[in-house]
Amino acid sequence: MQGKKEEIMLALSQVVDPDFRVDIVNLGFINEIDLNDQGLCIVNMTLTVIGCPIMGTLEEMITTALKIIDGVEEVKIEYRWEPAWSVERMSPYAKAMLGLS
C-alpha cells in the first residue's frame with residue numbers, strides 16, 4: 001500500500017479547490033486514505049465547513065483523479081468533522097499561496 005498511497009496522494013495533489021485555488025492536500029483536507037484488495041479507495045477528509053457548497057464538485061474531481069490509478073476500481077469519500085478544519089492544517093505552501101504567512 002505504501003507505494004500506492006504515495007501515488008494516490010500525488011493524484012490528490014492535482015485536485016485544486018476551485019475557491020482557494022490550492023490543491024486539497026496542501027490545504028490539509030486529507031486525513032487518511034486506504035486502498036483494499038478489491039480496488040476500493042476510501043478517502044477520509046475534512047472540509048472547511050459542513051455542507052460546503054463545492055462538496056459535490058470536489059468529490060467528482062477526486063474520483064476522476066483516482067480512477068486513472070491502476071488498482072483503483074471504486075472511490076468512496078468519507079468526511080470527518082472532528083476535529084474541525086483550521087488554517088493550522090495547511091502546508092506552508094498553501095499559506096503562502098493564500099497570503100497567510
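Every value quoted in this text rests on a predicted model; they were computed, and no experiment measured them.
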Between [atom1] on residue [X] and [atom2] on residue [Y], distance to nearest 0.5 Å:
X: Arg80; Y: Ile30; atom1: CZ; atom2: CD1; value: 11.0 Å
X: Met55; Y: Met45; atom1: CE; atom2: CE; value: 8.5 Å
X: Lys76; Y: Glu59; atom1: NZ; atom2: CD; value: 11.5 Å
X: Ile77; Y: Leu58; atom1: CD1; atom2: CG; value: 8.0 Å
X: Leu66; Y: Glu7; atom1: CG; atom2: CD; value: 9.5 Å
X: Leu47; Y: Asp17; atom1: CG; atom2: CG; value: 8.0 Å

Flag side-chain contact, heavy atom, 4.5 Å: [X] against [Y]:
X: Cys41; Y: Ile8; result: yes
X: Leu100; Y: Val87; result: yes
X: Val25; Y: Met9; result: yes
X: Asn31; Y: Arg89; result: yes

> Going by the angle between their ring planes, with limits at 30° and 60°, are Phe20 and Phe29 parallel, tilted or perpendicular?
Replying inline: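 Judged by the thresholds at 30° and 60°, the geometry between Phe20 and Phe29 is perpendicular.
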> Considering all heavy atoms of both residues, which atom of Ile69 and which atom of Ala11 are nearest to each other, and what is their separation?
Replying inline: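 Of all heavy-atom pairs spanning Ile69 and Ala11, the closest is CD1-CB, 3.8 Å.
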>> Can you give me the closest heavy-atom contact between Thr46 and Trp81, atom names plus distance?
In response: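 Scanning both residues, the minimum pair turns out to be CG2-CE3, 4.5 Å.
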Are [Y] and [X] connected in a single hydrophobic cluster, I mean Ile/Leu/Val/Met/Phe/Trp/Tyr linked by side-chain heavy atoms less than 4.5 Å apart?
X: Met90; Y: Ile54; value: yes
X: Ile33; Y: Tyr79; value: yes
X: Trp85; Y: Ile50; value: yes
X: Leu40; Y: Val43; value: no
X: Leu10; Y: Ile24; value: no

> Does CE belonging to Met97 count more than 12 external heavy atoms closer than 6.0 Å?
Replying inline: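 Not more than 12 within 6.0 Å, no.
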> Okay, side chain of Lys95, backbone of Leu27: is any donor-acceptor separation there less than 3.5 Å?
Replying inline: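 No, because the side chain of Lys95 does not come within donor-acceptor range (under 3.5 Å) of the backbone of Leu27.
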> Please walk me through it: do Leu35 and Lys5 pass side chain to side chain contact (heavy atoms under 4.5 Å, CB included)?
Replying inline: CA-CA 8 Å; Leu35 178 63; Lys5 182 175 182 177; over 6 Å; no
> Given the rule in the side chain to side chain contact (heavy atoms under 4.5 Å, CB included) test, do Glu73 and Lys67 qualify, once you have shown the distances and angles that lead to the verdict?
Replying inline: CA-CA 6 Å; Glu73 301 298 325; Lys67 284 272 190 121; over 6 Å; no
